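In this text, all values refer to a predicted model and were calculated from it rather than measured experimentally.
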Amino acid sequence: MHYPFRQTRPSVMKYLRSPQLRQWLVKQGRSTMTAVASSANAIPNAATNRIVGRWLLGCSGLVVGAIVLGGVTRLTESGLSMVDWHLVREMKPPQSQAEWEAEFSKYQQFPEFKIMNHEMTLPEFKFIFYMEWGHRMWGRLVGLAYIVPTIYFWRKGYFTRSIKGKVLGLCGFVFFQGLLGWYMVKSGLEEKPESYDIPRVSQYRLSAHLGSALLLYCASLWIGLTLLLPTNKLAETKHLMQLRRFAKGTTGLVFLTALSGAFVAGLDAGLVYNSFPKMGERWIPDDLLAFSPTLKNIFENPTTVQFDHRIMGISSLAAITGLYLFSRRMLLPRRAKIALSLLAAMAYGQVALGISTLLLYVPTSLAATHQTGSVALLSLAIWVLAELRKMPK
């Protein structure tokens, strides 16, 4: 048989041995290796940003759980049941009857038992103990949810330089939040011979504790949303810049209104005037400025604290309504319109919850729902800001 390729084989072999071919193959191999290396090192990328964004949204959800649990703990007057703070030792609640009696005996040495709960039984103590224990354990879960994935993602190279700084700040804030919580509880355990008021934590420390939790939540939610939501391509018009400023101011007002709720809770100011829209028989109550100096009323007079919270709540509702109506005059993406509509609807629902809580003398379930509503309202305001943010340069 005749095989033509046998005749061409020497020329093929000669070509394969040529220096030009070897140089070309080496060049192609290097470019291939570079491409593989660059694709392997293309971290962070869109996929890793989605992973980090979802993680931060999950963490923000856990922070909401801590805020709600903290509110319920305050409403059930359970926050002073654990008189010690140990990072690891208190993770296991009392197991035997002797351990429960020892824990109850420690609680009996502090003002809340002596003044308010001197007839409390051991089963009643177990209820408030488990409420506070659950809140503290949830706080530890939040800490682990931030710190452990941070270490993992950092080692995997999922963070950009800017995200690294933000995540370190979040982890540090979680640690600070835990210390602030114990600092708050200590204020309710102190003996105050000069005071005839019922034992409670300092409203200043309570508002600081809630405020730091809200800041942690807002920061986590904002970073997560900016990683997950593509930036809308919006024409930088004068009206858009005005809408952005309006939205930022409204979000700040919503935050301050939620924070003022901590002073209401800390002073039990929701039980002072249980009528609406008037406070008793007056629009402006007689004891609004009963304390001296005048500035002291803003933070320590229950009447003034409730009055301020009412004014801020109504102002937030007016601002959100104005923001929604102003946005209707503009051509916005569908997601932004949905966020603004939900924000407006939630604002009216939150005001209705607040009024109902007041008129019904602050039932625990309704008050907890009202507090959760404040976080939901703040969340929607942040979503609006994320939808209106500028395109990155």
Side-chain angles (χ1 to χ4, degrees), residues 53 56-72 74 138 142 146 166 169-170 173-174 177 180 206-229 243-266 308-324 327 335-336 338-355 357 366-389:
L56 288 174
L57 288 188
C59 287
S60 65
L62 288 175
V63 175
V64 171
I67 292 171
V68 173
L69 271 175
V72 174
R74 174 70 189 89
W138 192 276
V142 171
Y146 275 95
K166 293 173 183 176
L170 293 176
F173 216 72
V174 170
Q177 175 70 358
L180 190 57
L206 177 62
S207 61
H209 187 51
L210 175 62
S212 62
L214 289 174
L215 284 174
L216 177 64
Y217 170 70
C218 291
S220 303
L221 182 63
W222 170 259
I223 299 169
L225 287 177
T226 53
L227 288 173
L228 289 172
L229 296 178
L243 183 66
R244 262 195 210 116
R245 286 196 294 269
F246 197 173
K248 289 177 182 178
T250 301
T251 302
L253 183 57
V254 170
F255 181 90
L256 290 175
T257 304
L259 193 58
S260 72
F263 283 92
V264 175
D308 291 344
H309 189 59
R310 289 183 183 217
I311 296 299
M312 294 181 75
I314 294 168
S315 300
S316 296
L317 178 65
I320 291 170
T321 302
L323 180 69
Y324 173 76
S327 70
R335 275 203 329 257
I338 292 173
L340 284 158
S341 299
L342 290 175
L343 177 64
M346 186 64 219
Y348 283 89
Q350 176 67 354
V351 169
L353 275 172
I355 295 171
T357 303
L366 202 55
T369 305
H370 180 54
Q371 180 174 320
T372 306
S374 68
V375 180
L377 192 65
L378 189 57
S379 306
L380 291 169
I382 292 171
W383 181 20
V384 169
L385 291 179
E387 295 294 350
L388 298 178
R389 73 187 189 275

With sequence neighbours excluded, residues passing side-chain contact (heavy atoms from CB on, under 4.5 Å) with [X]:
X: A208; result: L180
X: A376; result: M346
X: S207; result: L259, A262, F263
X: L214; result: I67, L210, F255, A258, V375, L378

Inter-residue atom distance [X].[atom1] - [Y].[atom2], 0.5 Å rounding:
X: L225; Y: S60; atom1: CG; atom2: OG; result: 7.5 Å
X: L317; Y: L253; atom1: CG; atom2: CG; result: 10.5 Å
X: L340; Y: L243; atom1: CG; atom2: CG; result: 6.5 Å
X: R245; Y: L323; atom1: CZ; atom2: CG; result: 13.0 Å
X: F246; Y: I320; atom1: CZ; atom2: CD1; result: 9.5 Å
X: Q371; Y: R74; atom1: CD; atom2: CZ; result: 11.0 Å

Check your understanding: Mind checking whether V351 and I314 have side chains closer than 4.5 Å, heavy atoms only?
Key ->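 No - every pair of side-chain heavy atoms lies 4.5 Å or more apart.
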Review point. Considering only heavy atoms from C-beta outward, does the side chain of W138 approach that of L62 to under 4.5 Å?
Key: yes
**Study point:** Pairwise side-chain hydrogen bond (donor to acceptor under 3.5 Å, both in side chains) hits with a residue in residues 247-258, at least two apart
**Key:**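 side-chain hydrogen bond (donor to acceptor under 3.5 Å, both in side chains) check on residues 247-258 returns T257-S316.
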Which residues satisfy the side-chain hydrogen bond (donor to acceptor under 3.5 Å, both in side chains) test with [X], sequence neighbours excluded?
X: S341; answer: none
X: S315; answer: none
X: Q350; answer: H370

**Study point:** Minimal non-hydrogen separation, A344 against Y348, with atom names
**Key:**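 Closest heavy-atom pair between A344 and Y348: O-CD1, 3.1 Å.
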Review point. Which atom pair, heavy atoms only, marks the closest approach of A66 to V142?
Key: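 Taking A66 first and V142 second, the nearest heavy atoms are CB-CG2, 4.5 Å.
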Study note, to complete from the structure: Across all chains, not counting sequence neighbours, the salt bridge (Lys or Arg N to Asp or Glu O under 4.0 Å) partners of R389 are none
**Study point:** Residues in ring-ring contact (aromatic ring centres under 6.0 Å, His included) contact with F173, at least two apart in sequence or another chain
**Key:**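 Here the qualifying residues are F176.
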Atom pairs and distances, side-chain donor-acceptor, residues 215-224, under 3.5 Å, sequence neighbours left out:
from : atom 1 : to   : atom 2 : distance (Å)
Y217 : OH     : S379 : OG     : 2.3
S220 : OG     : Y146 : OH     : 2.5
S220 : OG     : L216 : O      : 2.9

Distance-only donor-acceptor pairs under 3.5 Å for side chains of residues 381-388, two or more places apart:
from : atom 1 : to   : atom 2 : distance (Å)
W383 : NE1    : E387 : OE2    : 2.8
E387 : OE1    : N232 : ND2    : 2.8
E387 : OE1    : R335 : NE     : 3.3
E387 : OE1    : R335 : NH2    : 3.1
E387 : OE2    : R335 : NE     : 2.8

